[in-house]
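This report concerns only the one structure given below.
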Amino acid sequence: MGMRAIVIGGGAWGLPAALRLQDLGWSVTLLERFAPGGPFASSGGTSRLWRLADTQLWRARAMLGTLAAMERLSDRLGAPVFRRTGLLWRDDLSLPAVAEALAAIDQPVERVAADRVGEVFAGLRPDGRDALFVQQGGVVLADRLLRSALAAFVAAGGDYRPDTRVVGITPGDVSVRIATADGETFEADQALVAAGPGTRELLSGLDLSLPLTPYIEQVVHLGDPHCSPPAPDLPGLVDCPSDDEPGVYAMPDGAAGYKVGLDEPLRRLAAGTLGDDLDRAEQPERTERIRARVARDLTAIVPRVLATQVCTWTDSGDGDFIIGRTHPSVVLACGDSGEGFKYAAFMGEYLAELVAGGTGDPQFQEHWDPRRFGDMAPRERFDAIGRH
Ligand SMILES: Cc1cc2nc3c(=O)[nH]c(=O)nc-3n(C[C@H](O)[C@H](O)[C@H](O)COP(=O)(O)OP(=O)(O)OC[C@H]3O[C@@H](n4cnc5c(N)ncnc54)[C@H](O)[C@@H]3O)c2cc1C
């Protein structure tokens, strides 16, 4: 009999990994509490920013790996899962480190003087800070990626179980047992736990304590509803925080307008896990704050709200992902730290390789090892966007 895997969680990480394992000849069961990209997960919505820009060379290398992986996944799914639009990164503190990391991975980058930012990003209000324009940046087509990957997984014979909440994991030396809230039990050679904000409630079975903190955050889509598309095709934007204002991340989102988020969560999830904390109501005050910021700073976009979206991300405790084998029969992938979607295609390959017995890339595992925290408690504050 062939090898069997159970993947817990059908988000941006678990779903591509389930597909990849299926393609590698494993029999895969995907257990998902709701449905991929649903309102209580981290992976919902139409788009996510992708970039190669980062302050640290090892992370820039990992992001370079995401680009090739997105091309391979696009080929596998028969449709592109990302779009190149370029990306403007504006900051004072992080600019030299980002430029250095990009040079080290041979990526072309243009330095943009503070008073010229509007030539590269139409309508961007100068604020005295220089920027970098990076061609290799843009948007992951989030909902398309999840929809196509799920269809491909099922078409390849994958066993997809939506509305199935895992409540217990019992890892053994040669197999693992999974219990669901409905009283069902599943057994497999390997389990991949990729439950996003629901991870903490599954850790007791793994005898592991992690400093995870899930947050709820809101984004706003803006533009002119009478135009198609509602907003000009601008590049992506990372506008790092200044002394008195939080950072902004923003991206072109086709028919959904221009999508903008403020690097400031609405709140933490109660009890540090998804549990039954399912209130995802929009915060009108946050919507207005983002709209006003767009009206002031992104003047090529009509500051009219088209839609809002509330979703979750999980601080890992040090801002780096938590990825690796925890038991002979279990691999864990969590702590997305608010920047995990750009890794979706990469994680599909990387996590499948770990499940199949690989050890991962030592330059990444040094930072991602689940055992690196000891008794560390969840931290009170996380790193601002672009500054870790
Ligand atoms: C507002 C916002 C903006 C973001 N912007 C970006 C960006 O621009 N670029 C970027 O790269 N990333 C961004 N991110 C982060 C990115 O979306 C996440 O890193 C990514 O979606 C994480 O995917 P995941 O598979 O780890 O988690 P999830 O998508 O949460 O998937 C986990 C799945 O597990 C399921 N689950 C949970 N508990 C259980 C259980 N007990 N049993 C069974 N299933 C369970 C959940 O229902 C869920 O579907 C953003 C996140 C937010 C919230």
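First listed ligand is number 1; within each ligand, the first listed atom is number 1. Computation of the quantities below employed the complete heavy-atom set of this structure, encompassing side-chain atoms and omitting hydrogens, waters and symmetry-equivalent molecules. Sequential numbering from 1 along the given sequence is applied to the chain's residues.
- Of the polar atoms of Tyr249, none of the N or O atoms is found under 3.5 Å from an N or O of ligand 1, judged by distance alone.
- Taking atom 21 (O) of ligand 1 as the reference point, the nearest protein heavy-atom neighbour is Ser43 OG, 2.7 Å.
- Taking the ring centroids of Trp50 and Phe82, they lie under the 6.0 Å cut-off.
- Taking the six-membered ring where tryptophan is involved, the planes of Tyr350 and Phe346 are essentially parallel, since the angle between them stays under 30° and well short of 60°.
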Stepwise side-chain contact (heavy atoms from CB on, under 4.5 Å) check, Glu187 with Ser329 = CA-CA 11 Å; Glu187 196 147 345; Ser329 55; over 6 Å; no
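- Polar contact check, Glu32 against ligand 1: a nitrogen or oxygen pair lies under 3.5 Å apart.
- Residue contacts with ligand 1: Ala41 is placed with no nitrogen or oxygen under 3.5 Å of a nitrogen or oxygen of the ligand (distance criterion only).
- Here's the thing with Trp313: none of its N/O atoms is less than 3.5 angstrom from an N/O atom of ligand 1.
- Heavy atoms from other residues, nucleotides or ligands lying under 6.0 Å from CZ of Arg177 number 12 at most.
- Within a 6.0 Å sphere centred on CZ of Arg304, other residues, nucleotides and ligands contribute 12 heavy atoms or fewer.
- More than 12 heavy atoms of other residues, nucleotides or ligands shown are found within 6.0 angstrom of CZ on Arg296.
- Short contacts between ligand 1 and Phe34, defined as distances under 4.0 Å to a heavy atom of the residue, involve ligand atoms 47 (O).
- Looking only at distances, a side-chain donor or acceptor of Lys259 sits under 3.5 Å from a matching main-chain atom of Ser47.
- Classification of the Trp13-Phe321 ring pair by plane angle, with boundaries at 30° and 60°, yields perpendicular.
- The protein heavy atom nearest to atom 18 (C) of ligand 1 is Asp336 OD2, 3.3 Å.
- The residue from Gly11, Ala17, Gly10, Ala195 that puts a heavy atom closest to atom 31 (O) of ligand 1 is Gly11.
- In the vicinity of Thr164, heavy-atom distances shorter than 4.0 Å reach the ligand 1 atoms 42 (N), 43 (C).
- Judged purely by atom type and a 3.5 angstrom limit, Asp91 has no side-chain atom pairing as donor or acceptor with the backbone of Cys240.
- Residue Val166 places at least one N or O, backbone or side chain, under 3.5 Å from an N or O of ligand 1.
- No part of Trp50 comes within 4.0 Å of ligand 1, judged by heavy-atom distances.
- Using modelled atom types, one finds a donor on one side chain and an acceptor on the other under 3.5 Å when comparing Gln190 with Arg325.
- Of the protein's heavy atoms, Phe341 N, 3.6 Å lies nearest to atom 16 (C) of ligand 1.
- For Glu100, the CD atom is loosely surrounded, since the number of other residues' heavy atoms within 6.0 Å does not exceed 12.
- Set against the non-hydrogen atoms of Leu31, the atoms of ligand 1 under 4.0 Å away are 43 (C), 44 (N).
- Side-chain contact, Asp143 with Thr46: no donor N or O sits under 3.5 Å from an acceptor N or O.
- Counted by atom type alone, Thr287 and Glu282 present one or more donor-acceptor pairs between their side chains at under 3.5 Å.
- In terms of modelled atom types and a separation under 3.5 Å, the side chain of Gln136 and the main chain of Leu52 share no donor-acceptor contact.
- At least one N or O atom of Arg48 sits closer than 3.5 Å to an N or O atom of ligand 1.
- Distances below 4.0 Å separate heavy atoms of Gly196 from the following atoms of ligand 1: 27 (O), 30 (O), 32 (C).
- Interface atoms of ligand 1 facing Leu49, defined by a heavy-atom separation under 4.0 Å, are 7 (C), 8 (O), 9 (N), 10 (C), 11 (O).
- In this pair, Trp58 and Phe364 present their aromatic rings tilted. The plane angle is within the 30 to 60° band.
- In terms of polar-atom proximity, Arg33 is counted as a contact of ligand 1, with an N or O under 3.5 Å from an N or O of the ligand.
- Taking every heavy atom of Lys342 and a limit of under 4.0 angstrom, the matching atoms of ligand 1 come to 9 (N), 10 (C), 11 (O).
- The distance criterion of under 3.5 Å between nitrogen or oxygen atoms is not met by Val219 with respect to ligand 1.
- Looking at Trp13 next to ligand 1, an N or O pair under 3.5 Å apart turns up.
- Using a 4.0 Å cut-off to heavy atoms of Pro197, the atoms of ligand 1 that qualify are 30 (O).
- When heavy-atom distances to ligand 1 are checked against a 4.0 Å cut-off, Thr314 has no atom that comes that close, whether in backbone or side chain.
- Residue Glu201 places no N or O, backbone or side chain, under 3.5 Å from any N or O of ligand 1.
- Nearest non-hydrogen protein atom to atom 52 (C) of ligand 1 is Cys311 SG, 3.1 Å.
- Atoms of ligand 1 found under 4.0 Å from any heavy atom of Ala194 (numbered from 1 in listed order, with element): 32 (C), 33 (C), 34 (O).
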